[in-house]
> 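The structure under discussion is supplied below as structure tokens; questions concerning it will follow.
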Amino acid sequence: AQSVTQLDSHVSVSEGTPVLLRCNYSSSYSPSLFWYVQHPNKGLQLLLKYTSAATLVKGINGFEAEFKKSETSFHLTKPSAHMSDAAEYFCVVSDLGSGNTGKLIFGQGTTLQVKP
Amino acid sequence: GAGVSQSPSNKVTEKGKDVELRCDPISGHTALYWYRQRLGQGLEFLIYFQGNSAPDKSGLPSDRFSAERTGESVSTLTIQRTQQEDSAVYLCASSSAGTGPYEQYFGPGTRLTVT
């Protein structure tokens with residue numbers, strides 16, 4: 001069965017400093033991994049996805065993530081945080097088990113706080 | 001183009017009442033998913049529809065929960081005899097294909113409060 005674990009429930013950074021949101025996954029298959037962002041009172045938005053192509057994935061708003069099979073990790077990074085990045089971030093794996101429905105399995109989320 | 005829409009945006013109901021939540025997927029999307037998000041938590045999968053195939057109901061938490069979808073259009077999620085633990089945001093997502101890691105587009109959700 002697939003699962004994801006977000007290692008930090010809350011991350012606080014200063015504006016202009018790097019962002020690192022950590023995610024480890026567990027999968028019996030070659031996983032498809034995603035990062036979604038949820039701004040307050042707004043819907044979920046896809047930041048980026050990994051689907052077994054390049055291991056370094058670039059997403060929107062300057063975010064990127066690197067798939068590391070040896071470490072079973074898919075950490076999200078951004079070189080310089082902006083105030084507008086403050087939101088809830090979810091690491092997600094797509095269910096590729098029996099039936100292959102494509103349902104998404106979400107981590108518990110990481111709240112990113114950006115201080116001025 | 002129009003995204004996924006859901007109605008109502010907010011619903012407050014008394015314990016024991018039935019509620020019906022609606023989802024309008026993106027036109028042409030064959031796959032439709034319902035998820036539940038409890039306060040401060042990630043999303044939990046509830047049910048999946050793909051075209052005219054039998055739905056995957058493996059995520060429904062109890063027999064009080066049911067959902068329908070007619071063809072590739074609107075879906076309704078019904079919760080009977082609501083309980084306080086049903087309070088959550090219910091999110092709908094649609095996708096252009098039912099298998100594989102295709103991007104799911106989420107609606108804004110329905111916030112359900114059971115008093």
Side-chain angles (χ1 to χ4, degrees), chain A residues 1-10 21 23 25 27 29-53 57 59-60 65 67 74 87-111, chain B residues 2-7 9-10 23-26 29-51 53-60 67 69 75 88-111:
Chain A
Q2 290 82 36
S3 67
V4 288
T5 302
Q6 292 183 244
L7 301 176
D8 307 291
S9 60
H10 189 99
L21 305 183
C23 173
Y25 70 89
S27 177
Y29 309 87
S30 180
S32 291
L33 294 158
F34 309 77
W35 277 96
Y36 278 83
V37 61
Q38 187 176 38
H39 287 93
N41 300 315
K42 292 189 176 180
L44 281 158
Q45 182 182 21
L46 179 68
L47 275 178
L48 50 81
K49 64 179 178 182
Y50 166 77
T51 56
S52 74
V57 182
I60 61 172
F67 174 74
F74 191 58
E88 189 80 9
Y89 291 80
F90 293 99
C91 182
V92 182
V93 64
S94 178
D95 175 34
L96 296 177
S98 176
N100 192 18
T101 63
K103 69 185 182 189
L104 300 179
I105 300 166
F106 282 72
Q108 291 300 296
T110 298
T111 303
Chain B
V4 178
S5 61
Q6 294 185 244
S7 61
S9 55
N10 279 283
C23 171
D24 282 89
I26 293 172
H29 278 190
T30 59
L32 187 147
Y33 304 78
W34 282 98
Y35 296 86
R36 175 172 71 179
Q37 184 177 25
R38 289 182 160 140
L39 187 64
Q41 298 187 21
L43 277 66
E44 306 168 70
F45 166 78
L46 296 177
I47 189 169
Y48 156 75
F49 294 93
Q50 166 57 22
S53 302
D56 175 359
K57 303 179 182 180
S58 61
L60 294 178
R69 187 186 188 196
S75 174
V89 177
Y90 289 82
L91 288 152
C92 173
S94 70
S95 172
S96 61
T99 60
Y102 296 96
E103 179 178 351
Q104 294 183 21
Y105 295 83
F106 284 83
T110 294
R111 182 175 300 278

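Only heavy atoms go into these numbers, but all of them, side chains included; no hydrogens, no water, no symmetry mates. Chain identifiers are assigned alphabetically (A, B, ...) following the order of the sequence lines, protein sequences preceding nucleic acid strands; residue numbering begins at 1 within each chain.
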> Can you confirm whether more than 12 heavy atoms, excluding those of A:I60, are under 6.0 Å from its CD1 atom?
yes

> Can you say whether B:E44 sits under 4.5 Å from chain A via the side chain, the backbone, both, or neither, judging by heavy atoms?
neither

> Which atom pair, heavy atoms only, marks the closest approach of A:L104 to B:F45?
O-CB, 4.4 Å

> Report the residue from A:L44, A:V92, A:I105 that forms a side-chain contact (heavy atoms from CB on, under 4.5 Å) with B:L43.
A:L44

> For A:W35, what residues pass the side chain to side chain donor-acceptor pair (under 3.5 Å) criterion, not counting sequence neighbours?
none

> What closest approach, in Å, do B:E103 and A:Y36 show between heavy atoms, and which atom pair accounts for it?
CG-OH, 4.3 Å

> Of the backbone (N, CA, C, O) and the side chain (C-beta and beyond), which part of B:S58 lies under 4.5 Å from a heavy atom of chain A, both, or neither?
side chain

> For A:L46, is there any backbone N or O sitting under 3.5 Å from a side-chain donor or acceptor partner on B:Y105?
no

> How far apart are the closest heavy atoms of A:K103 and B:Q104, and which atoms are they?
CA-NE2, 4.2 Å

> Below 4.5 Å from any heavy atom of chain B, which atoms of A:Q38 appear? Answer side chain, backbone, both or neither.
side chain

